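Note: hydrogens, waters and symmetry copies are ignored here, and every other heavy atom, side chains too, is used. Letters A, B, ... are given to chains in the order of the sequence lines, protein chains preceding strands, and every chain is numbered from 1. This structure is a prediction, so every number in the text was calculated from the model and none was measured.
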4 protein chains.
Amino acid sequence: MIAQTPPMGWNSWDCYGSAVTEEAVLQNAEYMASVLKPYGWEYIVVDIQWSRANASDHSYEAFADLTMDEYGRLLPAVNRFPSAAGGAGFRPLADAVHALGLKFGIHIMRGLPRMAAHLRLPIADSSCFCHTAADPHSVCAWNPDMYGLRCGTEDAAAYYRSIFRLYASWGVDFVKCDDIAREYPQCEREIELISEACRSCGRDMVLSLSPGPAPLDRAEHLKKYANMWRITDDFWDDWKLLKAMFERAEKWCIHAGPGHWPDADMLPVGAVRQCEDPENRSCFTPAELRTMMTLWCMMRSPLMIGGEMTKNDGETLALLTNGDLLEILRESWSAHPLRTLPEESVWIAPRRDGRGFYAALFNLGSRRRTVSLTAQEAEVASLSGKELWSGKPVRTAGAVRVSLAPHDAAVFLLRQGG
Amino acid sequence: MIAQTPPMGWNSWDCYGSAVTEEAVLQNAEYMASVLKPYGWEYIVVDIQWSRANASDHSYEAFADLTMDEYGRLLPAVNRFPSAAGGAGFRPLADAVHALGLKFGIHIMRGLPRMAAHLRLPIADSSCFCHTAADPHSVCAWNPDMYGLRCGTEDAAAYYRSIFRLYASWGVDFVKCDDIAREYPQCEREIELISEACRSCGRDMVLSLSPGPAPLDRAEHLKKYANMWRITDDFWDDWKLLKAMFERAEKWCIHAGPGHWPDADMLPVGAVRQCEDPENRSCFTPAELRTMMTLWCMMRSPLMIGGEMTKNDGETLALLTNGDLLEILRESWSAHPLRTLPEESVWIAPRRDGRGFYAALFNLGSRRRTVSLTAQEAEVASLSGKELWSGKPVRTAGAVRVSLAPHDAAVFLLRQGG
Amino acid sequence: MIAQTPPMGWNSWDCYGSAVTEEAVLQNAEYMASVLKPYGWEYIVVDIQWSRANASDHSYEAFADLTMDEYGRLLPAVNRFPSAAGGAGFRPLADAVHALGLKFGIHIMRGLPRMAAHLRLPIADSSCFCHTAADPHSVCAWNPDMYGLRCGTEDAAAYYRSIFRLYASWGVDFVKCDDIAREYPQCEREIELISEACRSCGRDMVLSLSPGPAPLDRAEHLKKYANMWRITDDFWDDWKLLKAMFERAEKWCIHAGPGHWPDADMLPVGAVRQCEDPENRSCFTPAELRTMMTLWCMMRSPLMIGGEMTKNDGETLALLTNGDLLEILRESWSAHPLRTLPEESVWIAPRRDGRGFYAALFNLGSRRRTVSLTAQEAEVASLSGKELWSGKPVRTAGAVRVSLAPHDAAVFLLRQGG
Amino acid sequence: MIAQTPPMGWNSWDCYGSAVTEEAVLQNAEYMASVLKPYGWEYIVVDIQWSRANASDHSYEAFADLTMDEYGRLLPAVNRFPSAAGGAGFRPLADAVHALGLKFGIHIMRGLPRMAAHLRLPIADSSCFCHTAADPHSVCAWNPDMYGLRCGTEDAAAYYRSIFRLYASWGVDFVKCDDIAREYPQCEREIELISEACRSCGRDMVLSLSPGPAPLDRAEHLKKYANMWRITDDFWDDWKLLKAMFERAEKWCIHAGPGHWPDADMLPVGAVRQCEDPENRSCFTPAELRTMMTLWCMMRSPLMIGGEMTKNDGETLALLTNGDLLEILRESWSAHPLRTLPEESVWIAPRRDGRGFYAALFNLGSRRRTVSLTAQEAEVASLSGKELWSGKPVRTAGAVRVSLAPHDAAVFLLRQGG
């Protein structure tokens with residue numbers, strides 16, 4: 001099964017915006033292969049606008065020239081991805097990533113390029129056409145490039161099949177499809193078409209849907225047709241957004257499971273926003289970074305690093321290589337909050353192998369605070385285990401109590417005490 | 001002042017849809033000039049899609065080729081409007097209509113042609129461009145041709161000025177602008193831009209906004225920037241739509257006045273839907289047609305004939321040439337319903353010259369019904385006058401009472417009895 | 001017909017709250033009879049809580065002892081209304097008011113006294129009982145005295161008949177029924193029961209419904225069952241409330257007519273809030289008072305003086321005795337705003353006798369402002385007439401223009417100029 | 001801690017409505033003590049209207065006479081509860097229940113008896129009064145007996161303390177408080193007052209809140225102040241209600257924990273609605289009963305038997321004495337659905353002791369259906385264990401598959417297979 005546990009990797013958006021280059025992708029892939037791969041990190045994902053030649057930051061451009069083939073399929077801009085020259089597409093870059101023992105992913109927008117419809121281009125391996133596949137009324141609210149498709153037509157299915165076949169030929173392992181998860185019910189059928197094209201293309205690919213928030217009442221549809229989907233709008237290094245994630249996580253936690261993972265978005269750690277300023281670093285404090293990593297692991301969100309990894313400092317690296325913590329992602333299940341109050345939250349997640357459970361304690365307030373979990377709350381006689389950020393052991397018949405700095409977290413592996 | 005009283009004319013949509021031709025326009029203009037003009041009818045309006053070569057019915061076509069000039073301004077399709085050949089636009093046709101003593105109007109969509117943006121065409125008499133004027137996210141919900149404009153830019157203002165200058169040079173007297181009246185608040189600024197371009201173009205033009213329903217709470221904005229605006233979605237020859245108009249009319253009646261008229265839409269009388277079937281006639285019964293004409297006149301709605309006029313039969317002609325009735329449009333004011341019940345409605349409208357008042361009595365039910373107006377309701381001691389469809393005199397100290405067939409109406413000119 | 005024109009009178013609430021006494025009622029009646037009656041003022045209305053012995057201000061008291069008869073009908077508290085002693089009810093006071101040539105009104109609450117239900121009292125002239133008539137779930141949101149009735153029962157109809165028969169025997173001419181106009185649809189049937197009891201009680205009584213805002217979409221129901229109904233919540237001497245009345249007046253103006261008048265509430269003029277402080281006077285400026293009187297007359301609202309009339313100063317008296325202005329109430333119809341903008345409003349109302357029309361110009365802003373009405377807007381060639389507050393004549397072929405202080409108004413009687 | 005696991009017991013409503021008697025309570029208590037107690041059943045709860053003498057079915061009576069003491073505290077009606085004679089209250093009945101080794105509960109309504117307020121009774125052990133504690137505007141939507149309290153007053157707190165002290169003196173172990181859980185936010189403070197009075201009364205009492213649905217967004221408030229609260233309106237033996245419970249259970253499952261249990265309402269099993277017809281039996285099929293018991297146990301809802309237990313047949317008894325099933329209530333945690341589709345649902349709940357997990361498979365459709373759980377979904381290599389209704393063992397490396405009749409359920413205790 002694809003995505004039997006939550007996917008872990010790197011995505012170019014947080015550091016390079018619309019302007020990522022082949023060179024940047026490769027240097028991050030090499031870093032991951034040599035430093036992070038032992039901890040489970042494996043996907044390298046090229047985010048939005050790779051077909052636009054003149055991109056330089058996090059914005060979009062109306063009526064931009066996009067590189068595409070004679071069938072209306074977008075191709076990498078050769079000035080930014082030199083190996084794509086001669087119509088090779090992402091095949092050479094995917095090969096390079098695979099050679100490092102990693103997996104390769106790309107971003108797409110729902111729909112087809114507007115110019116392909118206005119030019120009435122044919123659709124590959126079919127008798128269909130872009131202008132009959134495209135819906136002139138279906139436009140993205142924030143990106144000007146594409147028309148959504150008329151999902152009831154054979155032309156639409158043919159177009160999606162044509163692009164996934166191309167991606168399979170390139171060796172793509174992961175597709176992040178954008179402009180599609182928040183806009184239920186309009187996009188419900190389009191999600192199905194894309195999912196069917198993905199699953200029938202001849203290559204295993206993780207299908208990830210954006211942007212959020214996806215609607216909670218469509219959870220079963222998302223679980224059936226996608227491997228991960230965003231539960232919030234874009235997440236950045238801002239405490240308000242991190243605090244708000246607790247409410248989303250609470251609503252979505254019961255829907256995490258093999259092959260289908262609610263996605264709390266990329267981790268804005270380390271050297272983010274490099275396209276705007278190479279000196280820029282994540283605004284999160286060390287405490288907030290611990291809270292983020294702890295919550296993402298407890299809720300089993302996919303983990304996608306957002307920073308330029310080669311600029312990781314020691315603290316960032318430590319954050320991404322805490323094996324005990326990352327084990328939560330693989331070994332827990334049935335996570336949920338015990339309580340979420342304005343000032344604190346406590347989450348719990350049993351291990352599937354019966355060897356105890358994880359408990360995460362969060363200080364959501366702006367003052368130091370003691371947060372606790374009693375044995376009674378955990379329905380055991382006593383508690384023993386260790387804290388996973390500090391490694392400190394704990395053993396008590398009463399309550400695990402921890403004094404937390406503002407926005408900080410602790411997370412324990414516990415069991416009935418001996 | 002433009003539109004000092006409600007405009008009266010003919011519009012091509014109800015009979016010809018997207019497919020009206022120069023020949024059809026001219027034959028209707030000639031009919032109007034010779035038969036209807038003495039009753040106040042004067043506008044000849046060419047409705048939507050006149051720039052599309054292959055139109056044949058009431059529908060639109062995605063990614064159609066539209067005739068336009070090198071500045072992204074739409075031109076009449078020459079196969080349908082032969083006199084437009086050689087870049088003459090509607091000038092020759094307008095001249096012909098003017099020669100008949102009538103006025104000439106055209107339909108436009110908010111925005112500019114999509115292809116003009118994708119081709120990055122320049123805007124006439126400016127240093128602006130279509131692709132910077134156009135908003136790729138602003139698309140009409142039902143027509144695929146245009147992009148709305150970025151109203152904060154000089155480019156947008158330049159584009160609207162460029163088209164109204166062109167229309168002035170053609171001799172246009174009336175512009176029906178579509179995709180703009182229902183979608184407040186998004187289109188509020190676009191209405192202002194269009195209104196300013198219209199009023200500064202050097203020629204008097206009535207500005208009519210569609211489609212409806214325009215929002216009642218923007219009445220003052222509409223009164224300031226437009227001469228008429230639709231108060232419902234498209235009106236057709238269907239009793240349910242006619243009955244529903246009573247509620248709209250009640251809400252809007254106080255906003256009718258010189259230069260600004262709530263518009264109940266075209267009159268689907270006589271030979272409508274000719275592009276689908278030349279044998280087709282309005283589905284309204286004679287009673288319903290009387291009700292429609294009576295309500296439109298009482299509320300002082302603009303009157304735009306929808307049928308192919310040369311096919312008018314005697315009854316249709318009688319409907320359009322009742323001088324006593326049409327006088328309501330010019331001589332009344334302050335109209336409003338006295339009551340609107342599920343089965344009946346009574347409207348009243350004083351004459352401005354103090355010579356009595358109009359009272360319209362409607363049977364909205366499906367059975368014959370006596371509808372009445374008492375002298376007490378009218379706040380006079382007694383009533384005398386005549387019914388305007390039949391010419392029958394009336395004089396009573398009690399109540400005007402009329403037995404009406406289902407969906408029928410009577411309308412009286414009354415005064416304090418002698 | 002009752003209330004053929006809008007009722008004019010005095011109501012005790014604004015000056016005496018829940019605590020009005022017989023003495024206060026009589027002194028106001030005598031004043032009205034001698035000073036105001038020639039101008040059309042005629043109703044003297046005793047507002048809420050006249051059955052409660054210990055009332056002293058504008059508030060209510062939970063579980064208060066209310067004076068009632070053995071049939072659960074409220075009676076005047078004898079300490080406050082000495083002439084009611086011996087079960088005489090309001091008969092002696094009504095007689096005294098009638099002897100002055102005036103009419104007498106009282107306030108009631110929807111429903112019956114809670115204690116009458118708990119005590120299971122019988123209903124007069126019937127075999128019904130209060131505890132089967134009362135609905136224990138129907139309680140007023142702001143007054144603790146009553147239970148609403150189970151409108152489907154004969155007991156409910158019997159109770160309402162029993163109280164209106166009692167009021168008829170007292171000589172009541174006007175009933176203001178409270179807790180009933182805002183709470184559609186729950187109270188729709190209760191309005192009908194009360195209306196039927198009122199109309200069948202053997203005496204003509206104006207039926208007035210409170211509090212507001214009554215729902216606009218129930219206008220026809222209100223017109224059928226009541227003579228006047230409140231269109232806002234309680235109105236007081238506060239500019240924000242007065243300015244907000246323009247929007248309500250605009251929505252309701254078309255529903256004013258013989259027997260049914262949208263009610264803008266009492267006029268807080270002169271010595272209001274006397275129960276709290278005998279020195280208190282209306283906070284409205286002279287300009288605001290003119291605006292209020294002008295709007296109420298133009299929209300043909302009932303006029304109910306709120307202040308202790310014997311303390312009227314000259315300005316207040318002038319306000320209430322402008323015969324030209326009060327004539328609008330009787331001689332106009334079909335009033336409506338020409339426009340209502342944030343800073344100004346212009347209303348127009350034809351005279352029914354054809355002798356011109358009224359035009360009111362309001363400055364709603366906080367700076368001096370020139371407000372105008374053009375002959376073109378009024379659809380005449382020229383204008384002549386006079387301003388009704390100043391008596392100043394006007395004659396123009398262009399526009400009536402008036403410079404107004406903040407919150408001030410002018411009102412003209414105009415006709416086609418000579 | 002009170003209610004460390006979900007309370008189990010019997011409640012009189014489903015079988016006796018408003019009309020339960022001491023005799024019926026005792027016969028059910030004796031049955032429970034002798035037959036069900038070994039399986040964990042222990043609470044005997046007297047539901048609504050025990051202070052009303054003439055109750056006979058499931059309805060209420062407006063303005064009924066309720067038995068109360070001189071402090072406005074309701075007492076059992078002596079004709080129905082003879083042991084309450086002489087002001088003994090429920091003390092003798094509670095003693096009798098305790099003597100059987102069981103616990104005793106009663107129902108109360110939020111507020112105080114309306115008559116106590118109208119009579120201005122004093123509040124016990126205080127200088128407060130019922131008429132200042134009561135809020136005349138706070139009345140229950142469906143029961144006519146009480147006024148809610150003015151929660152900001154000391155009088156309100158004094159009244160609630162006075163009743164809980166009385167209940168403590170009677171020996172009450174469980175209070176079901178009604179008219180309070182659905183009506184957030186109005187009742188939020190009243191819940192707090194009642195909870196504080198309950199916790200400070202000197203005796204451990206479970207506090208249960210009704211009716212539902214309580215609002216999900218107040219979950220933390222409910223968890224803090226109550227031991228259980230209803231998540232739906234009244235539940236009866238109707239498949240539509242049972243199917244709808246799956247959605248509620250999904251939303252609430254993460255909030256179940258020691259001391260605070262979302263409550264799916266009484267179990268309408270066996271001889272329900274005895275006050276209407278002694279021959280009446282639950283309309284649920286055996287399959288539906290299994291589904292109900294399985295879902296209630298998986299979600300760890302409190303279990304309250306609704307039928308007259310002495311009339312249990314063998315099937316009903318088997319349903320209530322499946323020890324393996326009832327163990328889920330005590331030994332699982334972190335339950336949640338894996339999926340809930342229109343036709344099927346699968347729930348999972350780990351055991352806290354690490355000895356595997358429970359999996360429940362439901363057929364929600366109207367046709368026989370095979371429902372399955374794969375090892376992959378459960379994130380194990382293989383599965384072994386047994387089904388708890390049939391006792392049948394299961395062992396597989398693929399999927400547990402079960403063919404289920406319409407509306408039927410199976411529930412397994414599983415672990416990583418050997």
Rounded distance [0.5 Å steps], [atom1] in [X] versus [atom2] in [Y]:
| X | Y | atom1 | atom2 | answer |
| --- | --- | --- | --- | --- |
| A:Leu338 | D:Ser334 | CG | OG | 8.0 Å |
| D:Glu250 | A:Glu220 | CD | CD | 6.5 Å |
| A:His255 | D:Thr340 | NE2 | OG1 | 8.0 Å |

(request) Please confirm whether the backbone N or O of D:Gln376 pairs with a side-chain atom of A:Gln4, one donor and one acceptor, at under 3.5 Å? (result)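 Yes; at least one donor-acceptor contact below 3.5 Å.
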(message) Which atoms of D:Glu377 are under 4.5 Å from chain A, going by heavy atoms: the side chain, the backbone, both sets, or neither?
(response)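 Interface part for D:Glu377: backbone (N, CA, C, O).
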(message) Heavy-atom cut-off 4.5 Å, strictly under: side chain, backbone, both or neither for D:Glu247 against chain A?
(response) neither
So does [X] have more than 12 non-hydrogen atoms from other groups sitting under 6.0 Å from [atom1]?
| X | atom1 | result |
| --- | --- | --- |
| D:Lys224 | NZ | no |
| D:Phe246 | CZ | yes |
| A:Arg355 | CZ | no |

(request) Compare every heavy atom of A:Trp333 with every heavy atom of D:Pro350, then report the nearest pair and how far apart it is. (result)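 Smallest heavy-atom distance, with atoms named: CG-NE1, 3.4 Å.
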(request) Pick one of side chain, backbone, both or neither for A:Leu216, based on which atoms fall under 4.5 Å of a heavy atom in chain D. (result)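 Neither; nothing under 4.5 Å.
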(message) Taking side chain as everything from C-beta outward and backbone as N, CA, C, O, which of these in A:Arg352 sits under 4.5 Å from a heavy atom of chain D? Side chain, backbone, both or neither.
(response) side chain
(message) Counting heavy-atom pairs closer than 4.5 Å to chain D, which one of A:Gly257, A:Ala378, A:Ala256, A:Ala349 comes out on top?
(response)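 Heavy-atom pairs under 4.5 Å are most numerous for A:Ala378.
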